Amino acid sequence: CRSPGRRPSVGCRSPRTHCRAPVPKDRRRIDDEKLLINVSGRRFETWRNTVEKYPDTLLGSNEREFFYDEDCKEYFFDRDPDIFRHILNYYRTGKLHYPKHECLTSYDEELAFFGILPDVIGDCCYEDYRDRKRENAERLMDD
Ligand SMILES: [Zn+2]
């Protein structure tokens, strides 16, 4: 660099490495890495291997890259963080629980968004879910 005041965009000939982010290490194919997932401001952390257990879902496939925020180095979802907790737990435990206090419709919407089928709801919660679903359908029919 010569005098920084004069035409800095053209004049600076120094190697631009200092302007660039460090070389990504992903070429080295690390076994696992931590993923930062920001859901409406609430941050969750998990391992890449954990979400890739279910490759047919949004988080488990490279569909998630669409939600990657380069600047913050995290995935950002403008979704319900309370329900997301249950979704992330599904990846960890293989069981999906249905939080009874949540509205069934919004729960279903979150599942659909993340590409998870309600079939995977655990036996512990399945009956509640099914009953709620039936009640809901009846209520909608009354309208
Ligand atoms: Zn349960």
Side-chain angles (χ1 to χ4, degrees), residues 1 4-5 7-143:
C1 289
R7 295 157 153 249
S9 55
V10 209
C12 179
R13 279 260 172 242
S14 71
R16 285 173 39 195
T17 44
H18 63 286
C19 308
R20 238 182 273 159
V23 180
K25 292 179 190 145
D26 54 348
R27 300 258 167 84
R28 272 204 279 138
R29 191 87 207 151
I30 321 163
D31 257 21
D32 207 350
E33 59 181 318
K34 250 190 210 166
L35 302 185
L36 256 165
I37 304 171
N38 178 342
V39 183
S40 299
R42 215 194 289 175
R43 283 188 170 74
F44 296 85
E45 278 179 57
T46 189
W47 295 102
R48 189 165 52 83
N49 282 352
T50 303
V51 293
E52 291 187 348
K53 268 200 272 181
Y54 302 111
D56 296 338
T57 62
L58 192 160
L59 282 178
S61 67
N62 42 17
E63 229 186 301
R64 70 168 183 264
E65 298 310 322
F66 185 73
F67 298 89
Y68 192 67
D69 183 337
E70 275 300 334
D71 299 331
C72 306
K73 306 280 176 238
E74 65 183 18
Y75 296 88
F76 178 75
F77 294 98
D78 194 11
R79 308 297 303 190
D80 187 327
D82 289 326
I83 296 178
F84 184 75
R85 191 165 64 84
H86 298 280
I87 289 173
L88 193 55
N89 259 330
Y90 163 62
Y91 289 95
R92 290 172 177 146
T93 64
K95 259 190 196 154
L96 184 64
H97 299 280
Y98 169 57
K100 295 172 203 38
H101 59 277
E102 293 289 354
C103 163
L104 180 96
T105 311
S106 59
Y107 183 71
D108 272 349
E109 273 169 12
E110 297 307 298
L111 290 191
F113 178 84
F114 287 101
I116 294 170
L117 293 172
D119 312 5
V120 297
I121 294 176
D123 289 340
C124 51
C125 290
Y126 193 73
E127 225 165 285
D128 284 323
Y129 176 82
R130 199 194 47 201
D131 291 349
R132 228 8 209 286
K133 190 107 186 156
R134 195 188 303 133
E135 278 169 34
N136 237 32
E138 283 165 8
R139 201 171 304 148
L140 291 174
M141 290 235 293
D142 288 344
D143 284 352

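Ligands are counted one by one from 1 in listed order, and the atoms in each one are counted from 1 as well. These figures come from a predicted structure and were not determined experimentally.
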Q) Would D82 and R42 pass as an ion pair if we require N to O under 4.0 Å? A)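 Salt bridge between D82 and R42, a charged N being under 4.0 Å from a carboxylate O: yes.
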>> Looking at E52 and R48, is there a salt bridge between them, counting it only when a charged N and a carboxylate O are closer than 4.0 Å?
In response: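 Salt bridge present between R48 and E52.
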When you look at CG of D119, are more than 12 heavy atoms from neighbouring residues, nucleotides or ligands closer to it than 6.0 Å?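 Atom CG in D119 is packed in, count exceeds 12.
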side-chain contact (heavy atoms from CB on, under 4.5 Å) involving C72 - partner list, sequence neighbours excluded: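 Partners of C72 under the side-chain contact (heavy atoms from CB on, under 4.5 Å) test: D69, E74.
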Geometric class of the Y90/Y54 ring pair [parallel <30°, tilted 30-60°, perpendicular >60°]
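Y54 and Y90: parallel rings.
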Sum up the protein N, O or S atoms located under 2.8 Å from the Zn ion (ligand 1).
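Near the Zn ion (ligand 1), the number of protein N, O or S atoms below 2.8 Å is 3.
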Is a side-chain donor or acceptor of N62 paired with a backbone partner of E65 at a separation under 3.5 angstrom?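 Side chain of N62 to backbone of E65: no pair is present.
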